[in-house]
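These numbers come from the heavy atoms of this one structure, side chains and all, not from hydrogens, waters or symmetry mates. The residues of the chain are indexed from 1 along the displayed sequence.
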Amino acid sequence: MGDDFIWFVAPRDGDFILVCKLGESAEISGSEKISIQYNNKLKLTPGTKLKAIRKVNGYDIKIMATPESSEDGGPILLFEKNGRLQKAIKRDTNYGFMFADDINFRSAKEIQLIKTTQDKTGNGVSDIMLDYFSGGAHCCFSTYFFDLGDTVNLGDILGGGDSQLTVIRKNPKGGLIFRVSDYAFGYWLTSFAQSPAPTVILEFRNGKLRPNFELMKKAAPTFVVLKKEAQVQIQQLRLEPYSGEKSENCRRPMFIDMNGTTQYSFEPCLYKDDASAPVFWGRMLDLIYTGNEELAWQFLDLVWPRQKQGKELFVRDFKDHLLQSWYWPMILEDRKK
């Protein structure tokens with residue numbers, strides 16, 4: 001879908017009804033008039049070129065680069081079979097789609113797994129896996145899976161945000177096993193570079209990518225090891241009370257703008273300075289995401305200075321932020337079954 005047009009490819013002969021609705025907005029009231037033109041011929045922008053092509057199960061999947069796109073992306077994706085267009089997709093950014101087996105973006109091991117696994121979702125249908133990058137400092141990545149059976153069907157989209165989906169091995173039950181980093185705590189109380197991102201292992205279940213918590217579990221570290229880690233962390237903490245994640249009590253340099261001026265962020269930081277050591281809640285998240293949640297809270301007790309107030313508020317903010325994760329609520333749901 002584009003800003004001012006919709007591409008629709010009929011899956012079979014027959015009559016179809018297309019319904020166009022205006023989006024809801026507080027600035028719009030009453031009736032609105034729109035004009036629609038219909039054309040049954042796909043017309044690409046003059047100068048559009050073929051960037052890459054893959055052939056899977058009788059389909060030609062083409063990534064097209066339009067003149068408006070950067071050389072690193074083509075925002076048009078075409079599916080053709082026997083010379084006939086089956087599906088067309090357009091994204092509205094200057095970046096675009098990349099085949100997941102592109103050597104420039106993945107390891108040799110991943111490429112081999114992708115190329116040798118015709119059915120990556122494990123549903124018995126040949127498919128193709130495509131990456132999408134919106135453009136930005138570190139965001140945003142998405143991965144698309146299209147089933148290529150009798151028709152082209154979008155199987156699932158993983159909006160990985162700041163983390164690209166990684167292929168790690170074949171799934172004995174069919175399909176592939178994947179890994180992604182959960183950046184739900186990105187920029188929380190620290191810079192993005194210091195933000196922890198626990199690992200999530202994913203597999204396809206009922207056509208959707210879901211966390212496999214059993215595969216994420218690891219042996220618990222000893223209490224002695226955690227105590228030594230805590231002793232290092234506690235030396236770097238500020239003793240001022242923690243007053244909430246929305247307070248502004250810490251000024252940190254972020255970057256130098258085009259005018260040479262240093263830009264600052266104001267964060268409720270807990271550390272004395274921009275310490276090079278990972279933030280302590282990174283260790284907590286690692287323990288939680290590997291099946292050792294009880295140890296995570298014990299680690300917090302070891303790290304938090306007795307004279308520092310606001311611990312209960314920190315725990316509340318931490319738990320609230322954890323529930324904002326795309327993956328953790330799904331893990332909790334599965335644990336209840």
Side-chain angles (χ1 to χ4, degrees), residues 1 51-54 56-57 59 61-64 69 72-79 87-123 125-149 152-171 173-184 186 197-212 215-216 325-328 330-331:
M1 178 179 291
K51 180 182 177 182
I53 184 172
R54 296 291 186 275
V56 180
N57 200 29
Y59 287 89
I61 303 96
K62 299 178 180 180
I63 296 177
M64 310 299 294
S69 303
D72 293 326
I76 301 175
L77 184 63
L78 303 178
F79 294 82
K87 196 175 188 70
I89 295 176
K90 184 179 185 299
R91 294 294 301 261
D92 298 324
T93 68
N94 288 333
Y95 291 81
F97 294 98
M98 301 164 283
F99 290 114
D101 61 0
D102 193 313
I103 194 171
N104 295 316
F105 302 99
R106 293 185 179 274
S107 68
K109 178 184 176 181
E110 288 184 87
I111 292 172
Q112 181 67 13
L113 284 168
I114 294 169
K115 285 185 174 181
T116 58
T117 309
Q118 289 293 308
D119 176 15
K120 287 166 278 295
T121 66
N123 65 354
V125 180
S126 296
D127 54 40
I128 191 164
M129 175 180 171
L130 295 109
D131 293 324
Y132 178 82
F133 180 56
S134 65
H138 48 73
C139 184
C140 293
F141 296 94
S142 299
T143 302
Y144 291 70
F145 294 86
F146 289 92
D147 286 337
L148 302 175
V152 180
N153 295 304
L154 177 60
D156 196 14
I157 305 174
L158 181 75
D162 297 296
S163 175
Q164 186 179 29
L165 186 68
T166 300
V167 180
I168 55 177
R169 63 177 180 272
K170 290 193 175 184
N171 190 339
K173 296 180 290 186
L176 296 172
I177 298 291
F178 306 87
R179 178 179 64 234
V180 72
S181 297
D182 187 353
Y183 274 98
T199 297
V200 179
I201 306 299
L202 301 164
E203 67 177 2
F204 272 91
R205 269 183 277 151
N206 299 320
K208 299 293 182 181
L209 275 170
R210 299 278 300 192
N212 186 322
L215 294 180
M216 294 164 57
S325 161
W326 176 259
Y327 308 101
W328 185 248
M330 289 191 285
I331 292 174

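- Atoms CZ and CD, from R210 and E203 in turn, are 10.5 Å apart once rounded to the nearest 0.5 Å.
- Rounded to the nearest 0.5 Å, atoms CD1 (I168) and CG (L215) are 7.5 Å apart.
- Just one residue in the list T166, L202, I201, V200 forms a side-chain contact (heavy atoms from CB on, under 4.5 Å) with F178, and that residue is L202.
- Nearest heavy-atom pair, L78 versus A88, reported as atom, atom and distance to 0.1 Å: CD2-CB, 3.8 Å.
- In this structure, D182 and W326 have side chains that are not in contact, with every pair of non-hydrogen atoms separated by 4.5 Å or more.
- Side-chain N or O atoms of T117 include none that pairs as donor or acceptor with a backbone N or O of K120 at under 3.5 Å.
- Judged by distance alone, with hydrogens and angles left aside, the side-chain atoms of R205 form a donor-acceptor pair with the main-chain N or O of P211 at under 3.5 Å.
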### Task
Decide yes or no on side-chain contact (heavy atoms from CB on, under 4.5 Å) for F141 and L165, but give the supporting numbers first.
CA-CA 8 Å; F141 296 94; L165 186 68; over 6 Å; no
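- Atom OG of S107 sits about 8.0 Å away from atom CG of L113, to the nearest 0.5 Å.
- Atoms CZ and NZ, on R54 and K115 in that order, are 7.0 Å from each other to the nearest 0.5 Å.
- Listed by chain and number, the residues in a side chain to side chain contact (heavy atoms under 4.5 Å, CB included) with D102 are N104, F105 (sequence neighbours excluded).
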### Message
Show, in sequence, the C-alpha distance, side-chain angles and deciding distance for F99 and I61, and conclude whether the side-chain contact (heavy atoms from CB on, under 4.5 Å) test is met.
### Response
CA-CA 10 Å; F99 290 114; I61 303 96; 3.7 Å; yes
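- Scanning all heavy atoms of the two residues, the minimum distance from M129 to V167 falls at CE-CG2, 3.8 Å.
- In this structure a side-chain-to-backbone donor-acceptor pair under 3.5 Å is present from N171 to K173.
- In plain terms, the two heavy atoms of L130 and I128 that are nearest each other are CD1-CG2, 3.8 Å.
- Between the side chain of D127 and the backbone N or O of T121 there is at least one donor-acceptor pair closer than 3.5 Å.
- The two atoms that bring T116 and K170 nearest to each other are O-NZ, 3.7 Å, heavy atoms only.
- Under a 3.5 Å cut-off, the side chain of Q118 and the backbone N or O of S126 do not form any donor-acceptor pair.
- A donor-acceptor pair under 3.5 Å is formed between the side chain of R106 and the backbone N or O of A100.
- Of all heavy-atom pairs between F97 and Y132, the closest is N-CD1, 3.9 Å.
- Aromatic ring orientation, F146 versus F79: tilted (interplanar angle from 30° to 60°).
- Inter-residue side-chain proximity for T143 and L209 is flagged as unmet; no heavy-atom pair is nearer than 4.5 Å.
- Between I89 and I76 there is no side-chain heavy-atom pair separated by less than 4.5 Å.
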